[in-house]
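Encoded as structure tokens, the structure appears first; notes follow it.
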There are 4 protein chains.
Amino acid sequence: MPKIVDEQTREATRQRILRVAASEFARLGFEQTNINLIAEQAGIGKGTIYLYFENKRTLFLEMLRFIAQAHLREIRAALGAGDSLRQRLEALFLAFVRLAEQESDSFHVFMSALYGVNRIFQQEAAALLREYVAAIAHLLAESRACGAMNVSELEASALMVLSVTESYVLAARVLGYPASVLASQAGAVADFVLHGLGTSDSHAGEREQGK
Amino acid sequence: MPKIVDEQTREATRQRILRVAASEFARLGFEQTNINLIAEQAGIGKGTIYLYFENKRTLFLEMLRFIAQAHLREIRAALGAGDSLRQRLEALFLAFVRLAEQESDSFHVFMSALYGVNRIFQQEAAALLREYVAAIAHLLAESRACGAMNVSELEASALMVLSVTESYVLAARVLGYPASVLASQAGAVADFVLHGLGTSDSHAGEREQGK
Amino acid sequence: MPKIVDEQTREATRQRILRVAASEFARLGFEQTNINLIAEQAGIGKGTIYLYFENKRTLFLEMLRFIAQAHLREIRAALGAGDSLRQRLEALFLAFVRLAEQESDSFHVFMSALYGVNRIFQQEAAALLREYVAAIAHLLAESRACGAMNVSELEASALMVLSVTESYVLAARVLGYPASVLASQAGAVADFVLHGLGTSDSHAGEREQGK
Amino acid sequence: MPKIVDEQTREATRQRILRVAASEFARLGFEQTNINLIAEQAGIGKGTIYLYFENKRTLFLEMLRFIAQAHLREIRAALGAGDSLRQRLEALFLAFVRLAEQESDSFHVFMSALYGVNRIFQQEAAALLREYVAAIAHLLAESRACGAMNVSELEASALMVLSVTESYVLAARVLGYPASVLASQAGAVADFVLHGLGTSDSHAGEREQGK
DNA sequence: TATGAATGAGATTTCATTCAT
DNA sequence: AATGAATGAAATCTCATTCAT
């Protein structure tokens, strides 16, 4: 079936474009990024890119979704990793540290979209943020300590957790903290969150660390 | 005899340009913002803007400092406002809510600079961030509960506090939380922080609120 | 399949741009010449010109080389034309008269580059001047009368010959001499040079003219 | 009489502007020269320059006349210096060498005007050229050897002399000849001219040099 | 007379997008 | 489907000149 081969080639080209685009958009920002250069680096013709993406804006948007899916996969893996809430919070924090370190391009793009000026981009980024929050809220809901919360309290708590993990990591990096130092703070951040949430689990967590 | 130009007139023009620039840069981003339009809206000629600012980049940078000073003043006022640590944390949170609501332009510009791609802008924004952190660290240091912390623990704690206040507010706004809802969460956030920091002050704080 | 563009079409466009550029640069000088107008007159889009030439400066430089080659071809043809030294000097002079008359654009451009302020242009023009001098020096060296000269004397002589031909023609034209009058002076100039060089050929030359 | 003092001050300012202008126009060309910078260097206000010269073009023109007068004074002095025709031709050549060396700014400006694209400037420069030619023609007419020439022959001869002196010097300098080498060629050039003109004076000239 | 702040026309160059092949 | 030559809109910044003081 030649159709499938073609389809595979097509998808491979699409992914190649998206990966190059992510790197370029992260490096230069939306405006300064040159579509023609993306085509060149992806090994295709200038015009070909328009057979895959309607225009520059659409390319950016789809690239945003592309990296968002990858991030979300990591976050979910981290949240499902350990046994205790504390372990999962640590894993979440460390996932952000790793992403900020190794996928800083993607992070740049994401933050630029989230707090940048283009409303379309912002909405897309906000959708991803919502999924983050939902995943964390789900985690908290499972934990017996938060059982009494109503939905909006739960969401607010999840957002606080996200702030003290993701935003903390990003801000720390902008301020020049090396990844190694950040990684060593995972326990402290987890404790901060657990105490902040007022869960009994927190003390167990501290005991686990031998404090 | 040279034309004696009022120093006040000059400063007034400068401020007018900065204010228009802040609004335009926030609305359109650095690249899309048109210098000519800024001049027009400021009621001056196209070339006149270059008598006040060397070029577009410099204008952006000075505008960034301009709004940074204004923000910092508010933050410092909030941090010096109440009696207890809890009151001050609430005031800090509410200050961010107010800024995000009423000066959302400035916030946009600041976040774009902080997480955008222009290193010069990023450094400038990071410098402001550092001042935020320093101000909060100073507050924590004053509080007896944190007396035992060393400097780097203090800074990390301050950064956590900033994350759960500023970033929380920004993320919440992107997710569509109205300012009124945010404002009502001031107490909860303050508690989260106090518990997280593990201060005895926290219980006093809760009592003050009659819980 | 890529668009197969005729190499001939490309070269034709290139030449069309160069010809229009020569005329415009000659008419208005480097600074006052408008790239947009060149594109328009060449029947292409504004941006297209940059597919052929990197920038305005490069266009000027290549245009300079373009006309330089054409001039040099004519000069060499003139110097290889007649039998006697005298005939060749006359042919040289007449070639300059013709060039100054029919290709005054090119001459303007060349002189502006030679005595203008742009060092890059000056160097390029000087390189052409050097080729002129070399061609004349070669002619003199072949003539038995100059056999005794050393290299630097030969070059100095060649430069004198060039001065009394090219510069004479240019100065005369600036002073308003019509081409016809100039043409009638070819013999006198040739004699001036021959006598000046002190060649025995000179008298033969005069005899040929029946003096 | 305060009027005279004012008049002197005014003239001094005028000359200062002209001198600065000559240097700037020579260095940068007409278009690239910045009037405001000239004012600054002349120690006056931007607007003041317009009290002395109508506009940039007029300033250039008057500057051209200013340096032309200076050159012409030197040329005339050279032509009236020695006893024999040969000595005067040598003096003329050496005057050009000195001017090209020490007043290369002025020469640049003059040549740019003469062969540049601005007709107004060209006419002014041509007028000076005409005065050069007239001065040389006068010299030749005085010499008994040229007594038989008619006016147009005389002018053509003068133009040839000018070409082999002035243009020779300029071309030589563009080609990189140092002034010292040029100066040493004065005798050879004078001989070239004398032989070229076919004057009996030439042999006397050579004898004078002890050849 | 002298000043210099203010003005705005003007031109090069970039790059997303089109479309003939 | 793929290509890349061609297009032209758009924007920063300079600087000659004006004019209020």
Side-chain angles (χ1 to χ4, degrees), chain A residues 6 9-10 13 30-40 43-60, chain B residues 1-6 9-10 13 31-40 42-59, chain C residues 1-6 9-10 13 31-40 42-59, chain D residues 6 9-10 13 30-40 43-60:
Chain A
D6 277 357
T9 306
R10 216 186 139 71
T13 299
F30 181 76
E31 307 288 346
Q32 286 296 322
T33 291
N34 185 336
I35 282 279
N36 299 355
L37 241 52
I38 291 180
E40 199 177 302
I44 57 173
K46 257 197 289 276
T48 311
I49 225 165
Y50 288 89
L51 299 176
Y52 289 83
F53 303 95
E54 200 185 330
N55 52 32
K56 194 184 185 182
R57 173 171 295 209
T58 302
L59 171 59
F60 185 90
Chain B
M1 223 189 310
K3 191 181 190 177
I4 293 173
V5 172
D6 210 331
T9 305
R10 224 189 132 68
T13 300
E31 310 286 348
Q32 285 296 319
T33 292
N34 186 335
I35 286 278
N36 298 358
L37 247 49
I38 291 180
E40 201 175 299
I44 57 174
K46 214 185 321 187
T48 310
I49 225 165
Y50 291 90
L51 296 178
Y52 289 83
F53 303 95
E54 202 184 326
N55 52 33
K56 192 184 185 181
R57 172 169 296 209
T58 302
L59 171 58
Chain C
M1 224 190 308
K3 192 181 190 176
I4 294 172
V5 173
D6 210 332
T9 306
R10 222 187 135 68
T13 301
E31 309 286 348
Q32 285 297 318
T33 291
N34 185 334
I35 286 279
N36 298 359
L37 247 49
I38 291 180
E40 201 175 300
I44 56 174
K46 217 183 319 188
T48 310
I49 226 164
Y50 290 89
L51 296 177
Y52 290 83
F53 304 95
E54 203 184 326
N55 53 33
K56 193 184 184 181
R57 173 170 296 210
T58 302
L59 171 59
Chain D
D6 278 356
T9 306
R10 215 185 139 70
T13 300
F30 181 75
E31 307 288 346
Q32 287 295 321
T33 292
N34 186 335
I35 283 278
N36 300 355
L37 241 52
I38 291 179
E40 200 177 300
I44 58 172
K46 255 196 291 274
T48 310
I49 225 165
Y50 290 88
L51 299 175
Y52 289 83
F53 304 94
E54 200 185 329
N55 53 31
K56 194 184 185 181
R57 174 170 295 210
T58 302
L59 171 59
F60 185 90

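Residue numbering restarts at 1 for every chain, and letters A, B, ... go by the order of the sequence lines. Everything quoted here is computed from the prediction, not taken from an experiment. What's counted below: heavy atoms across the whole structure, side chains too, no hydrogens, waters or symmetry copies.
- If you measure from atom CD of D:Glu40 to atom P of E:dT3, you get 13 Å, rounded to the nearest angstrom.
- Within the nucleic acid shown, C:Thr13 has no heavy atom closer than 4.0 Å to any nucleic acid atom.
- To the nearest 0.5 Å, atom CD1 of residue C:Ile49 and atom CD of residue C:Glu40 are 11.0 Å apart.
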Item to check | Paired and unpaired positions of DNA chain E as dot-bracket, Watson-Crick or G-U wobble under 3.5 Å, | denoting a partner strand | outcome: .||||||||||||||||||||

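- Within the structure, a side-chain polar atom (N or O) of B:Lys56 is placed less than 4.0 Å from OP1 or OP2 of F:dT12.
- Looking at D:Leu59 and D:Ile38, their side chains come closer than 4.5 Å, going by heavy atoms from C-beta outward.
- Taking the side chain of C:Asn55 as heavy atoms from C-beta on, and the options E:dT13, E:dT12, E:dA2, the nearest nucleotide is E:dT13.
- For C:Tyr50, counting side-chain heavy atoms from C-beta on, the closest listed nucleotide (F:dT17, F:dC13, E:dT14) is E:dT14.
- Note: CD (A:Glu31) to P (E:dC15) measures 11 Å, nearest angstrom.
- Of the possible donor and acceptor atoms, none in the side chain of D:Lys46 sits under 3.5 Å from a partner among the backbone N and O of D:Ile35.
- The interatomic distance linking C:Gln32 (CD) with E:dA9 (P) rounds to 17 Å, in whole Å.
- Between E:dA2 and D:Tyr52, a contact under 4.0 Å exists linking OP1 or OP2 to a side-chain N or O.
- Straight-line distance from the CZ atom of C:Arg10 to the C1' atom of F:dG4: 11 Å, rounded to whole Å.
- Between C:Ala39 and C:Gly45, the shortest heavy-atom distance links the atoms CB-O, 3.7 Å.
- Here F:dT12 presents its P atom at 9 Å from CD1 of B:Ile49, a figure rounded to the nearest Å.
- Atom-to-atom distance recorded for D:Lys56:NZ and D:Phe30:CZ is 5.0 Å, nearest 0.5 angstrom.
- Contact annotation: D:Asn36 does not reach the phosphate of E:dG4 (side-chain N/O to OP1 or OP2, under 4.0 Å).
- A donor-acceptor contact closer than 3.5 angstrom links the side chains of B:Thr58 and B:Asn55.
- Listed by chain and number, the residues in a ring-ring contact (aromatic ring centres under 6.0 Å, His included) with D:Tyr52 amount to none (sequence neighbours excluded).
- At a cut-off of 3.5 angstrom, counting only N and O atoms as typed in the model, there is no donor on one side facing an acceptor on the other between the side-chain of D:Lys46 and the base of F:dA16.
- The environment of C:Glu31 atom CD is dense: over 12 non-hydrogen atoms of other residues, nucleotides or ligands sit within 6.0 angstrom.
- Toward the 5' end of DNA chain F, the nearer of the two residues B:Gly47 and A:Ile44, judged by each one's closest nucleotide, is A:Ile44.
- Across the protein-nucleic acid pair, B:Leu59 atom CG and F:dA11 atom P stand 16 Å apart, rounded to whole Å.
- Side-chain proximity of A:Leu51 to the nucleotides F:dG8, F:dA1, F:dC13 is greatest for F:dA1.
- Whole-Å rounding puts the D:Ile35 CD1 to F:dT14 P distance at 18 Å.
- Contact between the side-chain N/O atoms of B:Asn34 and the OP1/OP2 oxygens of F:dA11 is found at a separation under 4.0 Å.
- Proximity note for B:Thr48 (side chain, C-beta onward) versus E:dT7, F:dC13, E:dT17: the nearest is E:dT7.
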